[in-house]
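Order of listing sets the numbers, starting from 1, for every ligand and every atom in it. Start at 1 with the first residue, then count along the sequence.
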Amino acid sequence: VNAFVGQCVADIDTPALVIDLDAMQRNLAAMATFASQRGLRLRPHAKMHKSAWIAQQQIAHGAVGVCVQKTSEAEALAAQGVRDLFISNEVIDEAKLARVAALAHQVTLAIAVDSTLGVERLAAALQAAGSRLGVFVEIDIGHGRCGVPPRDAAALARSVARHGLHFAGLQAYHGRAQHLRGVAERRAAIGASAQAVRTALAALAVAGIDCPLVSGAGSGSFVLEADSGLWGELQCGSYLFMDRDYADNEALPGAPRFEHALFVKSQVMSCAASHAVIDAGHKSHAIDSGLPRVWGRDDLEFANGGDEHGILRGAALPAIPALGETVWLVPGHCDPTVNLHATMLGVRGGLERGVVERVIAVDARGCIT
Ligand SMILES: Cc1ncc(COP(=O)(O)O)c(C=O)c1O
């Protein structure tokens with residue numbers, strides 16, 4: 001990207017990933033306020049933005065640290081100065097666990113486990129490295145992905161302690177619930193998740209094991225986890241950028257209002273009688289959660305034009321933008337969109353007349369191991 005600090009937004013080459021820093025900062029503050037008013041720890045998920053600078057902004061606004069999903073993501077953010085990381089995911093490979101154990105010498109680190117083999121291998125790696133970290137037992141609270149059944153949490157926590165490791169609490173995240181559109185559906189899903197957490201806590205209590213923390217929740221449901229009184233730490237990630245998919249959710253009562261802060265700037269490069277073609281296809285924005293929305297132009301519909309193209313159709317022909325015109329897209333899903341780009345351009349003063357204030361590296365881009 002040949003953008004530079006001080007450049008006018010109008011001059012940013014396209015396609016480019018642009019952050020509206022004013023909107024991002026309002027989102028940052030809104031979530032920080034929510035967490036502090038509820039007396040909850042905030043540990044945002046950095047798999048979304050993959051940027052050490054943004055992680056530091058979140059920590060400066062009261063986050064205790066950030067979550068990551070992969071070992072290499074943790075390494076990339078640690079290399080850029082992030083000092084408190086939770087790998088909210090299982091690592092089973094021994095070579096990777098050796099890297100985790102080495103990283104635990106440099107930063108305050110935690111990790112999730114959901115098997116006795118995982119505990120054994122983690123303990124062996126930590127012993128070999130002579131390092132320590134916090135271990136969260138992940139329970140499946142309805143997603144049907146990782147995690148032990150809630151009633152088995154005590155057995156695994158006991159195994160953690162037996163291996164001389166520090167049991168830090170429960171990892172309890174329901175990803176699919178985040179995207180249930182209606183409030184009633186989300187409330188029902190997280191209600192069942194809360195019941196699963198109660199089952200795990202009861203099993204721990206019977207076993208005489210103290211549970212220091214329950215960590216989890218995402219941008220679609222965190223008000224419900226907070227209301228339950230069970231979770232002590234929120235892991236929301238997408239609230240900071242707010243993609244189209246999240247904006248399509250019915251808002252939960254009591255939730256702060258988050259704004260779109262992540263955009264793809266694109267340009268009309270071809271016009272036909274029935275449509276316009278822009279220079280942003282699915283190499284510039286992920287389409288796994290659906291197509292982007294055209295920002296500020298509800299009269300225009302985006303159709304997938306392939307890797308490098310987007311097709312815009314309007315209800316009325318004069319609505320179609322002209323050759324060379326700028327078109328802003330709100331990506332369907334922020335996490336994989338960010339991963340497509342080496343940098344994000346942080347803009348201050350709005351998308352119309354703002355200037356580039358910061359070129360933000362996607363430090364953990366491609367860190368999928
Ligand atoms: C374990 C975990 N925690 C938190 C999050 C953040 O969720 P969201 O981006 O929906 O806020 C995710 C996202 O997938 C996740 O996998």
Inset, instruction - Going by the side-chain contact (heavy atoms from CB on, under 4.5 Å) test, name the single residue among W328, F241, W295 that passes it with H260. - result: W295

Inset, instruction - Tell me the residues surrounding ligand 1, counting only those with a heavy atom closer than 4.0 angstrom, sorted by chain and number. - result: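 For ligand 1, the contacting residues are H45, K47, Q69, S88, R145, Q171, Y173, A217, G218, S219, Q235, C236, G237, S238, Y246.
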
Inset, instruction - Would you please say whether a donor-acceptor pair under 3.5 Å links the side chains of S221 and Q178? - result: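 Yes.
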
Inset, instruction - Rounded to the nearest 0.5 Å, what's the gap from CG on L204 to CG on L170? Could you check? - result: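 These two atoms lie 5.5 Å from each other.
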
Inset, instruction - Could you tell me the separation between the CZ atom of F222 and the CG atom of D227, rounded to the nearest 0.5 Å? - result: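 Between F222 CZ and D227 CG, I get 10.0 Å after rounding to 0.5 Å.
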
Legend entry - By ring-ring contact (aromatic ring centres under 6.0 Å, His included) - contacts of H179 (at least two apart): Y246

Inset, instruction - Please find out if less than 6.0 Å separates the ring center of H285 from that of F302. - result: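 Ring centres of F302 and H285 closer than 6.0 Å.
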
